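Both counts, for ligands and for their atoms, begin at 1 and track the order of listing. We're numbering straight along the sequence, starting at 1. Everything numeric here is computed off the predicted structure, so don't read it as measured data.
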Amino acid sequence: MQVGIDKMSFFSPQHYIDMVDLAHARGEEPDKYLIGIGQTQQAVAPATQDVVTMGANAADQMLTQTDREEIEEVIFATESGVDQSKSAAVYVQKLLGINRYARTIELKQACYSGTYGLMQARDYVTLHPEAKVLVIASDIARYGLNTGGEVTQGAGAVAMLVTANPTIATLNQDSVFMSDEIMDFWRPNDSSTAVVDGKFSANIYRDFFKELWDRYRAQTSRDLNSFKALVFHLPFTKMGLKALRDVLPEVSEEKQNALLTSFEASRHYNKQIGNLYTGSAYLSLMSLLLNDDTLQAGDDLALFSYGSGAEGELFSLTLQANYNQGLITNQLPELLEQRTQLSISEYEQMFASVVQGSTNRALDITHDHAKFVLSGVQDQKRQYVEQF
Ligand code: COA
């Protein structure tokens, strides 16, 4: 029996900034951001969106009523959670009307935990072939105004339904993974923004990828020619390109060009959304599936997941016959089309308006067109509202 991703769905807030505007505001060459970092736009979350609402907004679009009745586990991966104790998965279970006999759990290990969630879901369904598991990876990447990491912010959520005989792709049992205690990126409890040693972090990412790639090749006897495309965690899209370039010399020029073409498809949406932390690799997978028209059923893809701190995993997926039917085809183009561009000063105000702490606060939700929004905090409880 094959187990894997049956459906995928995405959500990102309705505001964005243009990286040329940000470069001008920060006194940088636009090409540094557009080419050197590889980002063209960045999603900006209003106070009325947090990881719970974004995760619910992503998953709601793909779940049928039957799915909601049959889901056995809700696994919520995030590194920008809203509570130190209660899991975001419980909020989402209620907002989505998922049955009360589901397990709910939140996972954390920087940008990696979505992959752990996916593997946990795969293993559970392998033991319980009738089960459906909902995996959500949702984050708001915040480095701070005027910081080196500001150009690599973003926000959004990817939801995945894991089942037997999946529509999109099987998750093959060939993972290699590793962990090592490294201070390349972290976020202390009293800070709403991440602390990052950016260049060190980028180097560790490449080291982990190379070490895991060598280990994968040794354990599976497969090489780059085995894969139609490599999908990467993309904290900024140049990061994946650097890692890909590290291994390209292993294959012919023709194969190198094919892999680079697929890489462009895989970063198409990430360039316009920015960093999603836990969801980035899976937005990149969606981007590949929706933008690479050379893909065919049976193609194998390799996916590299990395979370600072640090942990990495590399595994393969096999595309299924009607993989496009597991995606909502117009979802991403329509979402991007409907976004509103902010000036840099509007973005700075929105960035500062984020809900921090637990003092009473009522938020104006009239400008947020998403189905699920945060309407404020009352008696230290976050108030979530379903608008339609
Ligand atoms: N045209 C084209 N490219 C340009 C350029 C221009 N005018 N000006 C600069 N560049 C290139 C640089 O050559 C460099 O490319 P390289 O990385 O291939 O060498 C790139 O743009 C970035 O320039 P750099 O001076 O290194 O940028 P920076 O000091 O502002 O740092 C990051 C960039 C990515 C380290 C920083 O944004 C950061 O810390 N981000 C967060 C890191 C992160 O997400 N870590 C988690 C990883 S999992």
Side-chain angles (χ1 to χ4, degrees), residues 17 19-43 77-80 108-116 137 139-156 177-187 191-212 230-246 248 260 263 266-267 270-271 273-284 303-314 351:
I17 51 171
M19 289 301 96
V20 175
D21 291 352
L22 186 66
H24 287 146
R26 302 298 181 240
E28 297 281 6
E29 287 280 321
D31 278 353
K32 173 178 170 182
Y33 289 0
L34 301 174
I35 300 166
I37 302 286
Q39 295 301 133
T40 58
Q41 297 172 349
Q42 181 177 114
T78 187
E79 56 179 302
S80 44
K108 176 173 66 184
Q109 177 31 59
C111 303
Y112 164 74
S113 64
T115 298
Y116 185 88
D139 270 304
I140 300 177
R142 283 169 64 87
Y143 288 90
L145 305 177
N146 282 296
T147 61
E150 184 178 29
V151 63
T152 68
Q153 297 178 144
F177 36 80
M178 61 186 284
S179 310
D180 197 2
E181 201 278 298
I182 290 166
M183 293 304 280
D184 60 330
F185 171 112
W186 64 102
R187 184 165 67 83
S191 174
S192 76
T193 51
V195 186
V196 63
D197 187 340
K199 291 194 172 119
F200 179 52
S201 178
N203 287 336
I204 298 289
Y205 175 117
R206 286 168 79 173
D207 290 348
F208 267 48
F209 170 63
K210 193 66 177 49
E211 187 168 341
L212 285 175
L230 269 57
V231 177
F232 291 91
H233 167 53
L234 295 177
F236 50 98
T237 73
K238 178 77 169 290
M239 186 70 256
L241 183 59
K242 286 184 184 201
L244 178 61
R245 282 180 179 157
D246 285 343
L248 281 180
L260 284 166
F263 177 76
S266 77
R267 69 168 167 169
N270 299 67
K271 274 183 167 184
I273 304 284
N275 194 357
L276 302 187
Y277 288 162
T278 50
S280 288
Y282 299 97
L283 174 60
S284 181
L303 190 147
F304 173 63
S305 176
Y306 175 78
S308 293
E311 186 160 3
E313 181 158 345
L314 197 152
F351 189 89

If we set the cut-off at 4.0 Å for heavy atoms, which region of K242 has an atom near ligand 1: side chain, backbone, both, or neither?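 For K242, only side-chain atoms sit under 4.0 Å from ligand 1.
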
Using a heavy-atom cut-off of under 4.0 Å, does the side chain or the backbone of M239 touch ligand 1, or both, or neither?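 Neither part.
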
I'd like to know if the side chain of E150 reaches the main chain of Y143, judged simply by a donor and an acceptor atom lying under 3.5 Å from each other, with no hydrogens or angles considered.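 The answer is no, because no donor-acceptor pair under 3.5 Å joins these two groups.
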
Would you say the side-chain atoms of S113 pair up with the backbone N or O of Y116, donor to acceptor, closer than 3.5 Å?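 No; zero donor-acceptor contacts below 3.5 Å.
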
Below 6.0 angstrom between ring centroids: does that apply to F177 and Y112?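 Ring-ring flag for F177/Y112: false, centres at least 6.0 Å apart.
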
Any protein heavy atom sitting closer than 4.0 Å to atom 13 (O) of ligand 1?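 When distances to the protein are checked, atom 13 (O) of ligand 1 has no heavy atom within 4.0 Å.
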
Under-4.0 Å protein heavy-atom contact, atom 47 (C) of ligand 1: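 So atom 47 (C) of ligand 1 has protein heavy-atom neighbours under 4.0 Å.
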
Which of the numbered atoms in ligand 1 are below 4.0 angstrom from a heavy atom of [X]?
X: D31; value: 1 (N), 2 (C), 3 (N), 6 (C), 7 (N)
X: Y306; value: 48 (S)
X: I37; value: 22 (C), 33 (C), 34 (C)
X: E29; value: 7 (N)
X: G148; value: 36 (C), 37 (O), 38 (C)
X: K238; value: 15 (O), 16 (P), 18 (O)

Can you tell if the side chain of [X] reaches within under 4.5 Å of the side chain of [Y], non-hydrogen atoms only?
X: N275; Y: D139; answer: no
X: L230; Y: F209; answer: yes
X: N270; Y: F232; answer: no
X: F185; Y: P235; answer: no
X: F351; Y: T193; answer: yes
X: V151; Y: E28; answer: no

Can you pull out the closest protein heavy atom to [atom]? Residue, atom name and distance to 0.1 Å, please.
atom: atom 11 (C) of ligand 1; answer: G36 CA, 3.6 Å
atom: atom 26 (O) of ligand 1; answer: K199 CE, 3.0 Å
atom: atom 43 (C) of ligand 1; answer: Y143 OH, 3.6 Å
atom: atom 23 (O) of ligand 1; answer: K32 CE, 3.6 Å
atom: atom 40 (N) of ligand 1; answer: T152 OG1, 3.5 Å
atom: atom 45 (N) of ligand 1; answer: S201 OG, 3.3 Å

If hydrogens are left out, which of A23, P235, G198 has an atom nearest to atom 39 (O) of ligand 1, that is, the closest non-hydrogen atom?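 The nearest heavy atom belongs to G198.
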
With a 3.5 Å cut-off and no angle check, do the side chains of T115 and Y282 form a donor-acceptor pair?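 Looking only at side-chain atoms, Y282 and T115 do form a donor-acceptor pair, the distance falling under 3.5 Å.
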
Shortest non-hydrogen contact from T152 toward A141: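 Shortest heavy-atom separation between T152 and A141 comes out as O-CB, 4.3 Å.
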
